[in-house]
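Starting from 1, each residue takes its place in the sequence as its number.
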Amino acid sequence: MSSVSKNSQPPVNHGFLDGFFHLSELGTTARTEILAGVTTFVTMAYILFVNPNILKDAGMPINATFAATAIAAAVATLIMGLYANYPIAMAPGMGLNAFFTYSVVIGMKLPWETALGAVFISGLVFFLMTVTKVREWIMEGVPEVLRISIGVGIGLFIAFIGLQDGKIVVANPATLVTLGDMKSASVLVTVFGLIVTGFFMAKKIKGGLLIGILVTTLFSMLMGYSPLPTGMSSIVSFSNPFASIAPVAFHLNIMGAFDYGLVSILFAFTFVDLFDNIGTLLGVSRKAGLLDKKGNLPRAGKALMSDSIGTMFGACMGTPTVTSYIESAAGVLEGGKSGLTAVIVALLFVVALIFSPLIGLIPATATAPVLILVGVLMMGEVVNIKFDDFTDAFPAFMTIVMMPLTYSIAQGLAFGFMSYTIIKLITGKHKENNAVTYTLTVLFILHFILGS
């Protein structure tokens with residue numbers, strides 16, 4: 001009689017899913033992976049409503065960009081799951097969509113079709129950088145303080161946009177910005193959303209951001225600020241999703257992008273996605289126990305390749321840069337360890353397409369609280385900046401503050417790299433500079449001199 005305990009061995013899976021995703025090898029089961037996939041989707045589904053509300057300011061049809069967001073997220077996440085076998089979900093990136101709309105389309109006055117062409121080119125650049133391992137070279141050469149500052153600066157920029165969308169901060173000819181009318185309906189809806197969504201986040205309720213959007217929208221309807229649904233057709237639609245995506249799909253103008261100065265655009269798309277994506281991959285994989293003994297990510301090339309292909313595909317569909325989502329950590333905490341988790345997320349994004357009419361009922365004031373709270377989450381890394389070292393503090397400050405004040409992530413990157421390289425050089429700490437910092441500083445200086 002065997003004396004082996006029933007619990008001495010991990011559950012054994014059988015069949016195609018086990019063999020393809022290596023479930024037994026990773027110590028997980030199909031049931032666990034499915035639950036993890038559902039959890040990840042619920043925590044990041046807010047992007048379906050936030051992304052279109054940002055892109056509408058670029059002049060893009062909101063229903064079309066809803067479909068584009070869902071399809072791009074589904075395909076990119078599916079590639080990550082099937083090709084790289086990681087429980088990482090992908091979708092158009094927060095920060096990158098803001099840069100696309102407010103810095104490139106509005107700030108540089110580029111048509112959104114041309115901006116999508118630039119996104120496609122950046123995806124191609126990502127692809128070539130991954131194949132040639134230049135991506136790893138840049139990542140290793142960028143100072144840690146600037147990596148942290150970029151994320152913090154983007155968080156502050158996103159929060160600033162949220163405050164504007166909610167009319168809490170408005171334009172003023174004398175002081176540029178000022179406090180909005182705190183008695184207006186838009187501000188009241190935004191403040192309500194901040195309180196409710198903030199409560200969900202504080203209580204760590206899964207899907208808190210998505211639930212907050214829906215509850216705030218309902219409150220907005222009750223106040224008469226946004227329209228009520230007129231029937232089921234205002235909530236769900238079973239029409240062909242490829243018909244609704246037609247106004248933006250394959251409208252990118254790649255050749256037109258070359259008529260403009262692409263240096264700052266490509267720098268911003270490249271570096272923001274580079275740091276955001278690799279940081280997310282390492283962070284989520286560390287929580288899932290998928291890193292090797294040296295702390296490196298196995299199959300990193302496949303994961304980065306998924307990102308670059310997802311970005312090019314997303315541009316074709318009509319949405320800005322696709323990147324890995326930190327919300328994938330929610331699924332990992334539920335036990336997700338394989339690409340099956342990502343496949344489930346991808347399938348749920350496809351199912352979400354039937355809810356495309358719902359986007360027309362959700363006002364910007366309902367998504368504004370999410371932008372502000374995402375900014376809060378992204379600001380958290382500021383504690384890791386060594387402000388007692390002025391040669392770190394100064395470039396960190398310039399990176400962070402110049403993004404919202406110039407309304408441009410690209411300008412924040414430029415001032416950050418230039419101030420870092422120069423202050424290290426003149427204070428005798430030139431050894432902390434390297435080929436990457438010198439190269440990027442020269443390119444940014446040339447960009448300002450040439451005015452491109």
task = Please tell me if the side chains of Met44 and Leu210 come closer than 4.5 Å, counting only heavy atoms from C-beta onward.
result = no
ask   = Can you tell me if CZ on Phe313 sees more than 12 non-hydrogen neighbours from other groups inside 6.0 Å?
value = yes
task = Starting at CG of Leu371, measure out to CD1 of Ile158 and round the result to the nearest 0.5 Å.
result = 7.0 Å
Considering all heavy atoms, the nearest Leu188-Lys183 contact = CD1-O, 3.7 Å
remark   = In this structure, CE of Met398 is separated from CG of Leu413 (nearest 0.5 Å) by 12.5 Å
query = Is there a donor in the side chain of Thr29 and an acceptor in the side chain of Thr32, or the other way round, less than 3.5 Å apart?
reply = yes
request  = Say whether Thr399 and Ser149, considering side chains only, have a donor N or O and an acceptor N or O under 3.5 Å apart.
outcome  = no
query = So, Asn51 versus Thr69: side-chain donor-acceptor pair below 3.5 Å or not?
reply = yes
inquiry  = Quick one, Thr365 and Asp165 - any side-chain contact, counting heavy atoms below 4.5 Å?
reply    = no
key: Option from Ile195, Val189, Val196 for which side-chain contact (heavy atoms from CB on, under 4.5 Å) with Phe192 holds   = Val196
ask   = Would you find a donor on one side and an acceptor on the other, under 3.5 Å apart, between the side chain of Glu33 and the backbone of Ser338?
value = yes
ask   = Do Leu82 and Phe20 have side-chain heavy atoms sitting under 4.5 Å apart?
value = yes
request  = Kindly compute the distance separating CD1 (Ile309) from CE (Met80), expressed to the nearest 0.5 Å.
outcome  = 10.5 Å
ask   = Looking only at heavy atoms, which two atoms of Tyr102 and Ile54 are closest? And how far apart?
value = CE1-CG2, 3.9 Å
request  = Would you sort out whether Asn85 and His22 count as a side-chain contact (heavy atoms from CB on, under 4.5 Å), showing the intermediate values?
outcome  = CA-CA 9 Å; Asn85 196 29; His22 306 287; 3.8 Å; yes
inquiry  = Does any part of the side chain of Phe41, heavy atoms only, come nearer than 4.5 Å to the side chain of Glu327, both counted from C-beta?
reply    = no
request  = Would you name the heavy atoms of Arg147 and Val142 that are closest together and state the gap between them?
outcome  = NE-O, 3.0 Å
query = Phe160 versus Tyr407: any side-chain heavy-atom pair under 4.5 Å?
reply = yes
ask   = Are any non-hydrogen side-chain atoms of Val145 and Lys386 less than 4.5 angstrom apart?
value = no
query = Between the side chain of Thr101 and the main-chain N/O of Ala98, is any donor-acceptor distance below 3.5 Å?
reply = no
key: Approximate separation, where rounding is to 0.5 Å, of Leu377 CG and Met94 CE   = 10.5 Å
note = Note: Val382 and Val152 closest approach over all heavy atoms is N-CG2, 3.6 Å
request  = Kindly say whether Ile213 contributes a backbone atom to a donor-acceptor pair with the side chain of Thr216 at under 3.5 angstrom?
outcome  = no
query = Would you say Ser244's side chain and Asn63's backbone share a donor-acceptor pair under 3.5 angstrom?
reply = no
Trace of the side-chain contact (heavy atoms from CB on, under 4.5 Å) decision for Asp307 with Lys302 = CA-CA 9 Å; Asp307 166 46; Lys302 288 187 175 182; over 6 Å; no
query = Do Leu55 and Phe100 have side-chain heavy atoms sitting under 4.5 Å apart?
reply = yes
task = Give a yes or no on whether Phe397 atom CZ has more than 12 heavy-atom contacts from other residues, nucleotides or ligands under 6.0 Å away.
result = no
key: Main-chain N/O of Leu209 paired to Thr197 side chain as donor or acceptor, under 3.5 Å   = no
Exercise: identify the closest heavy-atom pair between Pro404 and Phe157 = CA-CD1, 3.9 Å
ask   = Under 3.5 Å, side chain of Thr40 to main-chain N/O of Gly37, donor-acceptor pair present?
value = no
task = Look at the side chain of Thr175 and the backbone N and O of Asn172, then say whether any donor-acceptor pair between them is shorter than 3.5 Å.
result = no
inquiry  = Donor-acceptor pair, distance only, cut-off 3.5 Å: does the side chain of Lys56 make one with the backbone of Asn53?
reply    = yes
ask   = Hey, mind stepping through Leu252 and Glu113 against side-chain contact (heavy atoms from CB on, under 4.5 Å) and telling me if it holds?
value = CA-CA 4 Å; Leu252 68 169; Glu113 296 90 345; 5.9 Å; no
Nearest-0.5 Å distance, CE of residue Met312 to OG1 of residue Thr321 = 11.5 Å
key: Verdict with reasoning, Val370 to Phe49, per side-chain contact (heavy atoms from CB on, under 4.5 Å)   = CA-CA 10 Å; Val370 172; Phe49 305 108; over 6 Å; no
key: Donor-acceptor contact below 3.5 Å, side chain His251 vs main chain Ala246   = yes
query = Can any side-chain N or O of Ser328 pair as donor or acceptor with the backbone N or O of Tyr325 at less than 3.5 Å?
reply = yes
note = So OG1 of Thr190 and NZ of Lys167: to nearest 0.5 Å the spacing works out to 8.0 Å
remark   = All heavy atoms of Thr341 vs all of Ala36, minimum pair found to be OG1-CB, 3.6 Å
Residue pair Tyr225 / Ser186, side-chain heavy-atom distance below 4.5 Å = yes
